[in-house]
Amino acid sequence: MNDSLLIDMLKCVRCGKCRSLCPSFKINTSKWETTSARGRVLMSLGLAQNKIPATNQLISDIYSCFFCKYCSELCPSGVEVTRIIETTRNTIYQKGILPSPIQILLNNLDESQNIFNLDQEDRLLWAMNVEEFLENRICKKAKVGFFVGCLESFKGTLATIPEALILIMNKLHIDFTILGEEEWCCGNPYLIAGASRKKIGEFARHNIKKMADQEVKTVITTCPGCYRIWSSIYPQFYGKLPFQVQHSSQFLAKLIKDGKLRIENTLLQKVAFQDPCELGRHCSVYNEPRTVLQAIPNIQLIELINNKKNSECCGGGGLVKAIHPLLALSQGKNKVQQYQSQKIDLLITACPSCLENYRNSLESSQAKLIVKDLNELIAEQLDLL
Amino acid sequence: MNKDKLKELLTPIFGNKSFSTDKALLYTYSMDVSNQEYIPDAVVMPENRAQIAQLIKLANTYNIPLIPRGGGTGASGGVLAVHGGIIVDLTKMNKIIEVDIDNLQIIVEPGVIHADLNKYLEYYGFFFPVVPGSSDMCTIGGMVGNSASGLRAVKYGTTKDYILDLEVVLPEGIVAHLGSKVQKSASGYDLLRLFVGSEGTLGIITQITLKILPIPESKGLVTAFFNDLELTGKTVINIFKAKMIPSAIELLDKSAIVAINSYKPDMNLPIAEAMILFELDGSKEAIKVISKKVYDICQKNRAVQIGMTTDNEKYHKLWNARKLIGAAARRSREGYARVYAGEDITVPLSEIPKTLLKLRAFSKKFKLPIVVFGHIGDGNLHPAILIKKEIPEHWEKLEKLTEKIHEWAINVGGSVTGEHGIGIARAKYLQKERPIVLKLMRKIKKAIDPKNLMNPGKMDLDGGYNE
């Protein structure tokens with residue numbers, strides 16, 4: 001634990017503001033202090049000062065944080081709660097006592113460069129429906145490099161997200177490439193699991209080199225987790241990157257602004273945008289997804305009660321799903337219930353993890369809400385999907 | 001008592017999931033907002049009165065201290081296990097039992113969060129007017145235990161003015177109702193008021209009946225900025241002399257303004273030596289008239305900038321920022337942390353101007369920043385001392401500075417605590433501030449809790465058991 005982080009922990013006055021905001025505490029039925037953001041800071045402090053051991057309760061509750069960063073955003077004392085929890089996860093990692101699902105995930109990454117321990121050769125399975133548009137585009141020199149990410153590459157249920165973006169780029173004659181089996185995980189799971197930063201550095205070096213080899217000017221991704229790592233963490237290892245990094249919402253917003261993307265089909269639905277935590281609070285991207293949605297004629301775009309900096313996590317973050325799947329699902333259901341009260345027809349997100357958690361939550365609910373990814377919606381509006 | 005024995009005793013009452021002796025979990029219950037740290041032997045989380053009654057019987061049999069706790073937001077160490085024992089976390093007892101609008105009351109369990117209660121009551125057009133800064137975090141049980149008040153005490157009084165009935169499990173296991181549904185009663189000793197502010201030393205509260213009031217038609221806010229700190233106190237006295245009682249009168253000194261601007265940059269408050277926030281409530285017409293009168297008095301007292309708003313969004317932004325200034329105070333000085341010590345003095349209104357200057361002088365003398373804010377309308381000031389926690393010398397200076405602040409309050413006829421309570425942090429001052437009262441308190445404590453099992457080590461009450 002470095003001194004600056006310890007001083008940061010000592011800034012905490014234990015006022016409990018973070019506890020009152022913490023979605024994982026709200027949803028956790030045990031209500032132990034350890035399940036709240038404040039409890040996690042106190043456990044981190046105790047562990048850092050060798051006052052307490054890393055008990056099973058500590059490990060379990062340090063890994064029940066969604067990493068939504070709501071606590072850090074609104075902490076009156078300015079304590080970087082999420083960073084503290086990240087560091088405590090690293091302490092647990094260093095002690096070699098990770099919860100087994102997290103250890104398995106890290107082993108997968110080490111062995112196969114993706115979180116699912118699948119063959120890298122299968123990285124293009126998602127692309128079956130758009131194969132024709134990818135001919136001569138894999139690891140080829142291009143202006144835009146699309147980094148697909150593990151979730152969308154390997155989870156068939158999320159394949160429509162990259163498909164949608166491919167179809168949009170094809171229609172707009174964008175000169176793009178993808179890395180295919182040369183793409184490695186962005187490294188975000190290493191960071192969130194608490195693994196050594198050296199590991200992230202190795203993956204960063206590989207991915208940066210592969211994109212740089214294609215001489216791309218812009219790397220885009222549809223996953224906020226990948227976006228955060230590419231835009232904020234990779235430069236910490238290798239300085240300014242030789243290309244710019246954009247989330248697909250930024251990329252599409254720019255195309256709209258430049259008049260290159262026009263949407264003519266109308267949408268007569270009440271639509272709301274859910275700010276993904278890693279895109280919003282972690283990376284401060286709030287306006288671009290709204291710009292894209294507003295480009296749809298007749299759209300009735302409303303703001304959720306808690307939006308932008310105050311947006312509440314879907315439950316899909318922080319690797320909580322790996323250890324406390326029911327907690328993640330409960331949070332998703334809780335959010336769906338809230339949205340019902342706002343009478344929304346269509347919920348748009350821009351994150352595969354949000355989309356998956358909401359879809360899972362909706363499966364076991366009576367709610368009529370439809371959830372889509374931003375790229376999917378735009379492709380549909382362009383009659384591409 | 002060892003872990004295995006505790007497990008054996010507590011499992012029949014709480015099952016496996018509602019008690020814990022896990023070391024990391026216990027550590028998270030070893031602190032509150034104060035600078036104290038005591039690790040309990042166990043934590044339990046009851047969900048009903050029956051469990052509490054059983055627990056108290058068990059505590060009596062085995063002489064185990066019990067420490068009731070709400071949101072853990074207290075600033076006096078009142079919920080810490082000074083002599084070990086079991087922390088009774090009451091946050092799961094958070095049901096609203098009954099709303100009785102016709103009789104202007106609501107019955108709640110102690111774990112209800114203050115802000116949740118007022119959100120709930122809003123539907124009925126009513127409210128519980130006492131508003132602590134920790135509204136989003138603190139529980140009603142904690143407010144009763146500490147006799148909390150907050151921002152609106154100047155007009156609406158404190159928690160004790162709203163308690164109609166308390167259901168309490170007494171130290172010997174008996175369940176008692178100390179009040180009733182009536183709005184007033186002269187029937188015998190007022191034990192309700194004895195239990196409000198008793199900091200869990202007399203029993204565990206399991207139900208609270210609160211008096212509620214209709215929400216005023218509208219609210220307004222007047223903000224006045226001064227370049228002379230002393231004039232703020234004089235302005236407040238002049239407001240009262242002009243026959244007005246705003247619903248809140250809040251002071252923020254220059255460093256508190258800086259802290260608010262840092263926490264909420266879009267507030268962008270003008271930097272002055274101090275500002276006063278006047279909250280006005282009532283009919284729209286009345287607010288219009290009173291705002292103008294408050295404006296005029298501020299102007300006469302040389303306020304350099306005065307603003308008025310009835311805009312809901314602006315009102316809430318400013319009000320919410322003010323509520324959290326206690327925790328945000330450290331933002332006024334980079335590298336420093338806020339500590340809660342000497343932070344809750346109350347002085348007679350006439351002593352406010354001198355006290356404000358004295359706090360400045362103390363800050364200079366001890367070379368430690370003090371951010372001053374508080375409920376200037378009722379004389380309750382919150383000097384927030386900032387230190388660098390990693391420097392041992394700062395802790396030494398803090399102790400001396402705290403002593404000076406408390407001595408000053410007592411010497412001018414004030415109190416070491418207006419609303420945060422005595423707990424451990426201020427226990428040594430009770431003898432100085434109210435020696436005879438302390439003697440009586442010790443006798444009462446011993447009579448009600450002969451074994452000293454209810455939150456022992458607080459309010460300097462342990463001394464009574466040696467007499």
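Every chain is numbered from 1, with letters handed out A, B, ... down the list of sequences.
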Side chain Lys31(A), main chain Lys92(B), donor-acceptor under 3.5 Å: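 No.
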Worked verdict on Leu26(B) versus Gln57(A) for side chain to side chain contact (heavy atoms under 4.5 Å, CB included): CA-CA 11 Å; Leu26(B) 296 182; Gln57(A) 180 97 38; over 6 Å; no
Once rounded to the nearest 0.5 Å, what's the spacing between atom [atom1] of [X] and atom [atom2] of [Y]?
{"X": "Tyr27(B)", "Y": "Leu47(A)", "atom1": "OH", "atom2": "CG", "value": "10.0 Å"}
{"X": "Arg40(A)", "Y": "Thr28(B)", "atom1": "CZ", "atom2": "OG1", "value": "11.5 Å"}
{"X": "Arg19(A)", "Y": "Asp136(B)", "atom1": "CZ", "atom2": "CG", "value": "12.5 Å"}
{"X": "Met137(B)", "Y": "Arg14(A)", "atom1": "CE", "atom2": "CZ", "value": "13.5 Å"}
{"X": "Lys17(A)", "Y": "Ser134(B)", "atom1": "NZ", "atom2": "OG", "value": "10.5 Å"}
{"X": "Arg330(B)", "Y": "Cys12(A)", "atom1": "CZ", "atom2": "SG", "value": "11.0 Å"}

[X] versus chain B, heavy atoms under 4.5 Å apart: side chain, backbone, both or neither?
{"X": "Thr29(A)", "result": "backbone"}
{"X": "Leu42(A)", "result": "both"}
{"X": "Leu74(A)", "result": "both"}

Max heavy-atom pair count under 4.5 Å with chain B, selected residue of Gly16(A), Cys15(A), Ser20(A):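 Highest number of heavy-atom pairs under 4.5 Å: Cys15(A).
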Which portion of Lys388(B) sits near chain A, non-hydrogen atoms under 4.5 angstrom: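 Answer is neither: Lys388(B) stays 4.5 Å or more from chain A.
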Side chain, backbone, both or neither of Val43(B) within contact of chain A (heavy atoms, under 4.5 Å):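 Contact with chain A involves both backbone and side-chain atoms of Val43(B).
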Close side-chain approach of Lys23(B) and Pro53(A), heavy atoms under 4.5 Å: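 They are in side-chain contact.
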Lys389(B) versus Leu10(A), closest heavy-atom pair with distance: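 Closest approach of Lys389(B) to Leu10(A): NZ-O, 2.6 Å.
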